[in-house]
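Since the structure comes first, as structure tokens, the remarks are kept for the end.
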Amino acid sequence: MKYINNNFFVEKVNSKKLAKKFDTPLYCYSYEKLKKNINNFILNFSKLSPLICFAIKSNSNLNIIREIKKFGLGADVVSKGELMQAIKAGISPNKIVFSGVGKTYTELKYAIDKKILLINSESKSEVKQIEKIAKSKKKIVDIGIRLNPNTDAKTLSKISTGKKGDKFGVDEKAFIELVSYTKKSKYINLRCLSVHIGSQIFKNKPYERMLKVIDRIISKVDFKFDFIDLGGGIGISYKNDNKKFNYANYQKSIIKHLGKYNSKIIFEPGRSIVANTGILISKIIYIKKNQSKNFIILDAGMNDLMRPALYGAKHRIIPINKTNKFSNTTYEFVGPICESTDKFSSIKKFQKLKEKDLLIICDVGAYGFSLSSNYNLRSKPAEILIKGSRIIVAKKRQKLSDII
Ligand SMILES: *Cc1c(COP(=O)(O)O)cnc(C)c1O
């Protein structure tokens, strides 16, 4: 994705043409970037030959998952809907892990019927529920137990999941108890220790602390885990600064702490696979001056892209056509939704804009469309996948008649 003669292109397609053809707001993904991210991920962890389970919640578009599946990836799902979607995309159930604190009876039953690789359980009550279903079906069910390693991921507090006080996983004491509980169960086969400490992690430190805890606990329980599932969380830079996560250090730490256990490593990446593959194209509806501010009112709102309103996340905004005329006033980019948090960012010295101009909101491939809603009874945007010069409608724009 880059400018060619001051026009923004997604592979070989001029994004302005896409806006014209499919209208805005419009999600658009690059296949080439997706391929590059997956191949890099595989290469960066080649010494571990891990099972990579794509976190469906980050992007649940069927056509995108189908592409991801072709690289041999499995799936990490957190609901029956995501499990159905992963299977529909052709991912083999023996490459699917099921996470989440509140899996219902119906969801667990479905997962057991589909014989997925692992149900990563997050409480004693859930383990007992699985046991009950397994017993009634006279089956032995493979599970993991999610440990809360009490390590601060040092990321946005709203996306931390591995600290004491977070709702995820079980603490060390409960973990040890559950290991001995499952040893005695005829219907549960404990195969995995799983963790996921949060998202948008940039330093190796939190991972290193997490690995130390896992190492200590495994040696304490003296149990052979077939799998150690390290979750996802690897961060990407939302700025234009080429800052990258150091995969080599992380791999080294994993080998140092867990190599001796000879367990198969599982990763559950979401953001690092899809975030920078996607853009959201939006049109300026109005420009309005209010006291000292210049509001740029876009046709994309927090219902289309919720991360800024939900986590205070910042996405770069760039023009679809570059000029060299700059504005002296600060532009505040907002959506049309009736909420004050429906705001994307404030930018100084942006190029001069006028109504109907097109803009690009960057790096929206993860937790973009998948977090979108019909709030204010707005229909969801279309999703387009670009492969070279090919334009594929990955999902049609929702019609208002579908939701009214
Ligand atoms: C959200 C989530 C992931 C993916 O996290 P990323 O930061 O997108 O890599 C992986 N595992 C679990 C259990 C999750 O909840």
Side-chain angles (χ1 to χ4, degrees), residues 34 37-38 40-42 44-45 50-61 64-65 68 73-79 81-83 85-86 95-103 107 111 116-123 126 143-149 151 153-163 166-170 192-204 206-207 210 214 227-238 244-245 247 250 265-278 306-307 310-311 313 363-371:
L34 181 68
N37 291 344
I38 296 172
N40 280 344
F41 199 95
I42 294 170
N44 285 326
F45 290 118
L51 172 63
I52 304 167
C53 293
F54 173 64
I56 300 289
K57 77 174 193 280
S58 65
N59 190 315
S60 44
N61 183 289
I64 304 274
I65 304 169
I68 291 171
L73 272 63
D76 165 52
V77 302
V78 293
S79 71
E82 286 190 1
L83 176 50
Q85 187 84 324
K95 285 184 177 177
I96 299 178
V97 300
F98 195 169
S99 312
V101 291
K103 304 177 205 77
E107 290 180 310
I116 66 169
L117 180 66
L118 293 164
I119 299 174
N120 283 336
S121 181
E122 305 210 14
S123 63
E126 189 189 0
I143 73 159
I145 299 170
R146 177 161 171 185
L147 171 74
N148 178 333
T151 37
K154 292 265 189 291
T155 175
L156 295 170
S157 68
K158 289 192 175 71
I159 53 178
S160 161
T161 58
K163 263 189 300 185
D166 290 333
K167 70 175 174 179
F168 299 97
V170 299
C192 177
L193 179 157
S194 88
V195 288
H196 171 71
I197 59 171
S199 202
Q200 190 54 358
I201 296 166
F202 244 102
K203 299 228 167 74
N204 194 42
Y207 282 131
M210 164 191 99
I214 297 173
F227 302 96
I228 300 173
D229 180 344
L230 298 175
I234 292 172
I236 66 127
S237 174
Y238 284 92
K244 283 197 177 86
F245 178 80
Y247 284 84
Y250 186 25
I265 298 294
I266 299 177
F267 289 113
E268 304 169 345
R271 191 189 311 273
S272 51
I273 300 293
V274 286
N276 68 4
T277 67
M306 178 135 88
R307 298 190 68 252
L310 186 64
Y311 315 120
D363 305 319
V364 299
Y367 309 104
F369 190 95
S370 67
L371 264 171

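Basis for what follows: all heavy atoms, side chains included, without hydrogens, waters or symmetry-related copies. Everything numeric here is computed off the predicted structure, so don't read it as measured data. Whatever order the structure lists ligands and atoms in, that order sets their numbers, starting from 1.
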For S99, the ligand 1 atoms with a heavy-atom partner under 4.0 Å come out as 13 (C)

Tested for side-chain contact (heavy atoms from CB on, under 4.5 Å) against L118, the lone hit among I143, L51, D76, I266 is I266

A student checking ligand 1 against A55 at a 4.0 Å heavy-atom cut-off should list atoms 3 (C), 4 (C)

Query raised in the report: Is G233 near ligand 1, meaning one of its heavy atoms is under 4.0 Å from it?
Result: yes

task = Ignoring hydrogens and angles, tell me if any N or O in the side chain of E268 forms a donor-acceptor pair with the backbone of C53 under 3.5 Å.
result = no

Honestly, for D76 the part within reach of ligand 1 (heavy atoms, under 4.0 Å) is side chain

Given the options I273, I64, T277, L34, N59 meets side-chain contact (heavy atoms from CB on, under 4.5 Å) only with I64

### Message
For Y250 and Y207, take the angle between the two ring planes, folded into 0 to 90°, and tell me which bin it lands in: parallel under 30, tilted 30 to 60, perpendicular over 60.
### Response
parallel

Honestly, for E268 the part within reach of ligand 1 (heavy atoms, under 4.0 Å) is both

What one should report as the nearest heavy-atom pair of P149 and M210 is CG-CG, 4.3 Å

The atoms of ligand 1 lying under 4.0 Å from a heavy atom of S199, numbered in the order shown, are 6 (P), 7 (O), 8 (O)

Quick look: P269 vs ligand 1, heavy-atom contacts under 4.0 Å, and the answer is backbone

- Trace of the salt bridge (Lys or Arg N to Asp or Glu O under 4.0 Å) decision for K57 with E82: CA-CA 7 Å; K57 77 174 193 280; E82 286 190 1; over 6 Å; no

I'd like to know whether ligand 1 has Y367 as a neighbour, heavy-atom separation below 4.0 Å.
yes

For F41 together with F267, are the ring centres under 6.0 Å from each other? yes

Counting from 1 in the order shown, the ligand 1 atoms closer than 4.0 Å to a non-hydrogen atom of G232 are 9 (O), 10 (C)

For E122 and F168 the tightest heavy-atom approach is OE1-CA, 3.6 Å

Atom 2 (C) of ligand 1: of R146, E122, R271, K57, the nearest heavy atom sits on K57

* Give yes or no for whether the N/O distance cutoff of 3.5 Å, strictly under, is met between G270 and ligand 1. => yes

